[in-house]
Each structure stands twice: as structure tokens, then as C-alpha cells.
Amino acid sequence: MRRLLCFFHSLRTYYWGSILAKQDGLQLDPELFYVMSVWHDIGLCDAHNHKDGISRCFAVEGGRSAGAFVREYGTEAQAQQVEEAIISHLNLYIPISHGIEKSILPAATALDVIGARIGEIQPDTILAVLERYPRLSFKSDLIALFNHEYATRPHSRIAFMQRVANLNRLIEQAPFAS
């Protein structure tokens with residue numbers, strides 16, 4: 001069930017990002033953004049979490065894993081874009097000048113995790129995305145994953161977000177049922 005939950009989050013991220021980009025008048029590379037969206041939290045999965053021995057953040061491990069995957073099937077430039085976008089997706093803001101996809105990924109994940117920019121999307125569109133890719137027990141499961149990250153990587157960006165902004169509370173207060 002946890003894998004399905006994470007996969008639905010990744011697909012919602014793709015759709016939220018596509019919607020936000022369109023509303024912002026931006027033209028995403030849909031294939032590149034899809035790969036970024038689907039792989040952005042791979043560093044939280046057991047197969048990748050705490051595996052490289054040097055990363056202080058799940059996003060770094062995830063970015064490196066995704067970059068390695070894309071290097072096998074795409075170009076070096078694509079791999080670099082994917083790796084950098086995933087590594088930086090926890091940043092609050094990335095200017096468009098750094099790349100449309102890299103800029104939209106944090107906005108899309110923030111929308112799904114804490115409801116940022118949700119007011120910019122039509123209610124019927126929100127319902128359609130959530131009906132197709134339900135949140136299930138997303139809030140409680142994500143908090144559990146993040147709590148593990150806080151405990152095992154106290155100097156990670158996600159732990160910093162918890163200390164400074166009480167990320168768990170923001171997740172709980174997101175304008176979604178779960």
C-alpha cells in the first residue's frame with residue numbers, strides 16, 4: 001500500500017505541476033517533467049534511502065539515483081536536469097531561469113504536501129485529480145516517513161523544515177482530507 005501511496009503522490013505531483021505551469025503560461029517538457037515527478041521521492045524508498053553513505057538528505061540520494069537511471073536511457077543533459085531538479089525540489093523557490101521543470105517541481109510537490117497554491121486550481125480539476133489518484137492515508141504516512149528522516153538525518157533539509165516551520169503541522173493542516 002505504501003508504494004501505491006507514493007506512486008499516487010508522484011502522479012499528482014506531475015498533474016499539479018502541469019496545471020500550474022499552464023496557468024503560469026509556461027511550456028513544460030512533459031516527458032522530462034514526468035520523470036522528475038515520478039522519481040522525486042525515490043530517496044525515501046528503502047532501496048535508495050541511506051544507501052550511498054554520504055548524502056545528508058533523501059532528495060540528494062533520490063536525485064543521484066534518478067540521474068543514473070536517465071543516463072542509461074537519455075542524454076547526459078537530461079540526466080543532469082533530472083538530478084538537479086530532484087536534489088533541489090525541497091527548496092522553497094527556484095527561479096524559472098534555472099529551468100521550467102526545475103522551477104515547477106517544488107511548487108507541485110508543495111501543493112500536494114501542504115496545499116500551497118491550491119486556490120489557483122479550479123475545484124472540479126482538484127476533484128478529478130484526487131479521484132484518479134487518491135491520497136489514501138498520505139498525510140499520516142508522509143509524516144511517518146519524514147519522522148524517520150528527521151531522526152536519522154537531523155541535519156537534512158527536511159529536518160530543518162521541521163524545526164523551523166513545523167512541517168508535520170503544515171502537512172496535517174493541508175486542505176485535503178488525508
Can you tell me if F160 has over 12 outside heavy atoms packed within less than 6.0 Å of its CZ? no
Is the number of heavy atoms from other residues, nucleotides or ligands under 6.0 Å of E76 CD greater than 12?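 Yes, the 6.0 Å shell around CD holds more than 12 heavy atoms from other groups.
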So do [Y] and [X] actually touch side chain to side chain, heavy atoms under 4.5 Å?
X: I94; Y: H89; answer: no
X: V60; Y: R56; answer: no
X: K102; Y: Q81; answer: no
X: I121; Y: L111; answer: yes
X: Q162; Y: F146; answer: no
X: L167; Y: Y150; answer: yes
X: C6; Y: D41; answer: no
X: L28; Y: S18; answer: yes

Can a donor-acceptor pair be found, under 3.5 Å and without considering hydrogens, that links the side chain of [X] to the backbone of [Y]?
X: S103; Y: G99; result: no
X: S178; Y: L136; result: yes
X: E101; Y: D29; result: yes
X: R132; Y: A128; result: no
X: T75; Y: Q78; result: yes
X: R135; Y: F8; result: no

Mind listing the closest non-hydrogen atom pair of [X] and [Y] along with its distance?
X: Y14; Y: Y34; answer: CD1-CA, 3.5 Å
X: G115; Y: A174; answer: N-CB, 4.2 Å
X: A79; Y: G67; answer: CB-O, 3.5 Å
X: G63; Y: I86; answer: N-CG2, 3.4 Å
X: N91; Y: P106; answer: O-CB, 3.4 Å

Tell me, with the steps shown, if R117 and E120 meet salt bridge (charged side-chain N to carboxylate O under 4.0 Å, His left out). CA-CA 6 Å; R117 295 185 67 181; E120 299 175 32; 2.8 Å; yes
Membership question, hydrophobic clusters at under 4.5 Å side-chain separation (ILVMFWY): are [Y] and [X] in the same one?
X: V113; Y: L44; value: yes
X: V35; Y: Y73; value: yes
X: I87; Y: I96; value: no

Cation-pi geometry met for R12 and F7 (6.0 Å, 45°):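 Here R12 fails the 6.0 Å and 45° test against F7.
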Can you tell me how far [atom2] of [Y] sits from [atom1] of [X], rounded to the nearest 0.5 angstrom?
X: S88; Y: H40; atom1: OG; atom2: NE2; value: 12.0 Å
X: I42; Y: R64; atom1: CD1; atom2: CZ; value: 15.5 Å
X: R153; Y: F58; atom1: CZ; atom2: CZ; value: 9.0 Å
X: I143; Y: K139; atom1: CD1; atom2: NZ; value: 8.0 Å
X: I100; Y: F33; atom1: CD1; atom2: CZ; value: 11.0 Å
X: I171; Y: D112; atom1: CD1; atom2: CG; value: 10.5 Å

Do the ring planes of Y133 and Y15 sit parallel (below 30°), tilted (30 to 60°) or perpendicular (above 60°)?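 Y133 and Y15: parallel rings.
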Stepwise, does the side chain to side chain contact (heavy atoms under 4.5 Å, CB included) test hold for Q27 with K22? CA-CA 7 Å; Q27 183 67 42; K22 185 176 182 179; over 6 Å; no
